Amino acid sequence: MALDADAIRSRIPALKSGSARFDAPGGTQTPQPVIDAIAEALSRPLANRGRTTEGERNADDIVAEARGALADLLGADPRGVVFGRSATQLAYDLSRTLARTWGPGDEVVVTRLDHDSNIRPWVQAAQAAGATVRWADFDPETGELRPEHVEAVLSPRTRLVAVTAASNLIGTRPDVPAVAALAHGVGALLHVDAVHYASHAAVDLAALGADTLVCSPYKFLGPHLGVLAARPEFLETLRPDKLLPSSDAVPERFELGTLPYELLAGARAAVDFLADLVPDAAGSRRDRLVASFAALEAHEDALRERIEEGLASLGGITVYSRAGLRTPTLLFTVAGVRPADVSRHLAGQAVDAPAGSFYAVEAARRLGLGDEGGVRVGLAPYSCGEDVERLLAALGGLPR
Ligand SMILES: Cc1ncc(COP(=O)(O)O)c(C=O)c1O
């Protein structure tokens with residue numbers, strides 16, 4: 001079943017600005033039902049969570065509905081869904097909690113492919129605990145991070161492996177279940193950064209083999225917040241810092257302060273929007289989400305192939321997104337023109353494609369691009385063939 005990009009586009013007010021948008025890996029534009037859900041949450045009585053007053057019940061219901069929606073999206077148990085300000089904040093909090101049990105001789109594995117959000121929190125927590133950091137490399141020629149790359153740095157002292165499910169820089173989708181099997185084989189935990197992956201594929205916490213996983217709804221049509229998913233039984237074993245009077249239940253134990261109820265309402269609406277990308281799909285919300293992502297992958301892959309063809313025919317362009325399995329996120333450079341100047345030229349033609357290393361600084365350096373990085377073109381459910389032709393025409397007109 002195909003995805004109707006025009007129908008999707010008609011429901012996203014920001015697209016009326018007229019730009020062809022390729023900046024979705026940095027954050028997507030927001031559909032009207034998500035905007036409405038946020039406004040509605042704030043328009044009705046709202047209080048701290050409880051069951052006595054209407055305002056309390058509204059807040060409580062919003063949280064329960066959001067946990068249910070994100071659980072459907074991530075293939076998780078609603079009791080294992082934790083909300084936070086961002087994926088970065090959740091990774092920092094988790095790293096500090098886990099590191100309490102690490103000490104000298106223990107080892108933590110991070111990868112050169114990851115966004116810094118899935119590197120630095122672990123590096124700093126390991127340093128504070130006196131543990132050793134081991135780096136899994138990737139192949140800059142192919143863009144692949146293979147299970148063997150991780151295996152090479154595992155040992156019986158490995159306590160945690162942190163790996164991305166998809167690179168926000170070059171789109172590589174490592175074989176996470178294979179990495180999970182290796183990590184678990186030496187008794188380590190696996191933490192997965194699914195921030196980029198969750199925009200393009202149906203996440204399944206158990207199938208990935210992740211002990212913990214983070215994502216960010218603003219990357220998939222929702223508002224700006226972060227989500228952590230884990231098995232509730234695993235969360236029960238952790239003792240994060242928290243206030244004395246705040247709930248010690250799971251998952252509330254991990255949620256510091258008052259939750260942003262209006263954003264949770266928006267996140268729920270974003271999941272419902274995603275579940276309806278294929279209008280005639282049937283079944284549970286999880287079933288419909290899986291159908292939506294299958295249609296989305298087909299839609300985005302077709303557009304990506306057209307971009308790749310176009311870039312190849314322009315000449316003088318090096319594309320760094322080369323892995324066998326990857327998201328529709330293309331990083332490229334143009335011979336003789338700095339990435340920021342390419343991006344500026346495109347912006348002048350109302351084509352939004354930013355340049356940089358996008359916080360994946362280790363990966364950009366390993367690719368030989370330094371912190372300047374490249375130009376990144378990413379797709380979203382609202383991307384369409386006309387956008388792609390505008391991108392290619394604007395690049396064709398680049399003064400070189
Ligand atoms: C792969 C990846 N991980 C982590 C992050 C950080 O997410 P957040 O902004 O929610 O902290 C990003 C944001 O760009 C990302 O692309």
Side-chain angles (χ1 to χ4, degrees), residues 21-30 70 73-74 81-96 110-124 136 138 143 145 161-174 176 179 190-201 203 208 210 212-229 254-256 259-260 263-264 266-267 270 320-321 323 325-331 352-364 366-367 371 373-374 376-380:
R21 306 204 69 109
F22 294 93
D23 55 357
T28 43
Q29 306 306 305
T30 312
L70 268 298
L73 184 77
L74 303 174
V81 172
V82 176
F83 292 110
R85 186 168 59 74
S86 62
T88 303
Q89 176 249 308
L90 290 163
Y92 261 115
D93 285 353
L94 181 68
S95 68
R96 293 183 186 122
V110 293
T111 91
R112 298 238 177 253
L113 186 64
D114 270 89
H115 186 287
D116 216 52
S117 168
N118 199 32
I119 295 177
R120 225 51 58 186
W122 305 112
V123 168
Q124 291 164 1
F138 69 99
L145 174 77
V161 174
V163 72
T164 188
S167 157
N168 66 311
L169 189 69
I170 54 174
T172 303
R173 287 171 52 171
V176 175
V179 174
L190 182 74
H191 177 76
V192 172
D193 177 346
V195 173
H196 184 60
Y197 182 83
S199 310
H200 303 290
V203 179
L208 286 171
T212 49
L213 171 150
V214 286
C215 70
S216 307
Y218 74 95
K219 308 282 193 187
F220 48 81
L221 312 179
H224 293 81
L225 73 156
V227 181
L228 180 143
F254 296 87
E255 295 173 328
L256 307 179
L259 286 171
L263 302 186
L264 298 194
Y320 296 85
S321 304
L325 193 58
R326 58 197 155 83
T327 62
T329 298
L330 297 173
L331 186 80
D352 293 8
S357 58
F358 306 100
Y359 279 38
V361 281
E362 300 287 349
R366 187 71 182 93
L367 289 167
D371 296 2
R376 185 177 66 180
V377 166
L379 302 177

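Counting starts at 1 for both ligands and their atoms, following the listed order. Along the sequence shown, residues are numbered consecutively beginning with 1. Keep in mind it's a predicted model, so treat the numbers as computed, not measured.
Annotation: Phe254, atom CZ; neighbour count of heavy atoms from other residues, nucleotides and ligands within 6.0 Å is above 12.
Using modelled atom types, one finds no donor on one side chain facing an acceptor on the other under 3.5 Å when comparing Ser167 with Thr172. Side chains of Ser86 and His224: no donor on one and acceptor on the other come within 3.5 Å. Counting only N and O atoms by type, the side chains of His115 and Thr164 include no donor and acceptor under 3.5 Å apart.
Ranking the protein heavy atoms by distance from atom 15 (C) of ligand 1 puts His115 CD2, 3.2 Å first. The nearest protein atom to atom 16 (O) of ligand 1, hydrogens excluded, is given as Asn168 CB, 3.2 Å; this is a heavy-atom distance. Atom 1 (C) of ligand 1 has Asp193 OD2, 3.5 Å as its closest protein atom, hydrogens excluded (heavy atom only). Closest protein heavy atom to atom 13 (C) of ligand 1: Lys219 NZ, 3.0 Å.
Taking every non-hydrogen atom of Tyr218 and a distance limit under 4.0 Å, the qualifying atoms of ligand 1 come out as 7 (O), 8 (P), 9 (O), 10 (O), 13 (C).
The pair Glu362-Arg120 meets the salt-bridge criterion, since a charged nitrogen lies less than 4.0 angstrom from a carboxylate oxygen.
By the criterion of a heavy-atom distance under 4.0 Å, both the backbone and the side chain of Thr88 are placed next to ligand 1. If you look at Ala87 next to ligand 1, the close heavy atoms, those under 4.0 Å, come from the backbone and the side chain alike. Proximity of Ser216 to ligand 1, defined as any heavy-atom pair under 4.0 Å, is confined to the side chain (atoms from C-beta onward). Under 4.0 Å from ligand 1, not a single heavy atom of Gln89 appears.
Judged by the 6.0 Å distance and 45° axis criteria, Arg376 is positioned over the aromatic ring of Phe358.
Within the 4.0 Å heavy-atom cutoff, His224 does not count among the residues contacting ligand 1.
Of the candidates Val214, Val227, Leu228, Val227 is the only one forming a side-chain contact (heavy atoms from CB on, under 4.5 Å) with Leu74. Each of Thr28, Leu225, Leu73 was compared with Pro217 under the side-chain contact (heavy atoms from CB on, under 4.5 Å) criterion, and only Leu225 meets it.
Inclusion of Ser117 in the set of residues having an N or O under 3.5 Å from an N or O of ligand 1 is not warranted.
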